[in-house]
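Residue numbers begin at 1 in each chain, while the letters A, B, ... track the order of the sequences.
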Amino acid sequence: MTDFQEALYTTLRRIPPGRVINYGRLALVAGYPGYARAVGSALHALDERYPAVPWWRVINQAGRISTNCPVHTALEQRSRLEAEGVQFNEQGSINWQRHGWLENEAV
DNA sequence: AGTTTGACGCTCC
DNA sequence: CGGAGCGCCAAAC
């Protein structure tokens, strides 16, 4: 477990249900600005070993689901998010103003 | 150790 | 709104 991954997962665990964040912002808040792409690798490393990390709350800047992981499928991610109240529009994207996570938001 | 790939993002067009 | 180009960093080759 690298420092980067630990910082990332720690930050991710602070995000409450029904809230989402994009890769770049997650990296930024975790203290690794510019590591947006690396976030994908870090989340891909997630599996059954880290059930406490809400990987499904991470989507891309466009507000759409990006995963292509066979273990954590886009379908599963969308289901999990919808179960938390996150709504997707006709284009399959979410509204950041409605569901975006604000760091200063109380947990 | 050099290259290629990929759950990204920003800027143009 | 959709797509191409480029910079980004870690992992996989």
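- With hydrogens and angles ignored, a donor-acceptor pair closer than 3.5 Å exists between the side chain of A:His72 and the base of B:dA7.
- In terms of phosphate contacts, A:Tyr35 brings no side-chain nitrogen or oxygen within less than 4.0 Å of OP1 or OP2 of C:dC8.
- A straight line from CG of A:Leu26 to C1' of C:dC9 spans 14 Å, rounded to a whole angstrom.
- Rounding to whole angstrom units, CZ of residue A:Phe4 and C1' of C:dA10 are separated by 8 Å.
- In this structure, CZ of A:Arg25 is placed 19 Å from C1' of B:dA7, rounded to the nearest angstrom.
- For the pair A:Ile21 CD1 and B:dA7 P, the interatomic distance rounds to 20 Å; values are reported in whole Å.
- OP1 and OP2 of B:dG6 both lie 4.0 Å or more from every side-chain N or O belonging to A:Asn68.
- Counting heavy atoms from C-beta on, the side chains of A:Val53 and A:Arg13 come closer than 4.5 Å.
- Contact annotation: A:Ser41 side-chain N/O to B:dG6 OP1/OP2 distance is not under 4.0 Å.
- Side-chain atoms of A:Tyr9 never come within 3.5 Å of backbone atoms of A:Ala52 as a donor-acceptor pair (strictly under, hydrogens ignored).
- Residue A:Arg19 places its CZ atom among more than 12 non-hydrogen atoms of other residues, nucleotides or ligands, all under 6.0 Å distant.
- A:Trp96 places a side-chain N or O within 3.5 Å of a backbone atom of A:Gln61 that can act as its donor or acceptor partner.
- In this structure, the CD1 atom of A:Ile59 is 14 Å from the C1' atom of B:dG9, given to the nearest Å.
- You'll find that the side chain of A:His44 is closest to B:dA7, out of C:dA11, B:dA7, B:dC8.
- Rounded to an integer number of Å, the gap from CE of A:Met1 to P of C:dA10 is 16 Å.
- Note on ring orientation: taking the six-membered ring where Trp is involved, the planes of A:Phe4 and A:Tyr32 are perpendicular (angle over 60°, cut-offs 30° and 60°).
- In terms of position along DNA chain C, the nucleotide closest to A:Arg37 lies nearer the 5' end than the nucleotide closest to the other residue of the pair A:Ala42 and A:Arg37.
- As a whole-Å value, the separation of A:Gln61 CD from C:dC1 C1' is 16 Å.
- In this structure, the CG atom of A:Asn60 is 10 Å from the P atom of B:dC10, given to the nearest Å.
- An OP1 or OP2 oxygen of C:dC1 is reached within less than 4.0 angstrom by a side-chain nitrogen or oxygen of A:Gln91.
- Residue-level contact check: A:Thr67 touches the bases, meaning some heavy atom is under 4.0 Å from a base atom.
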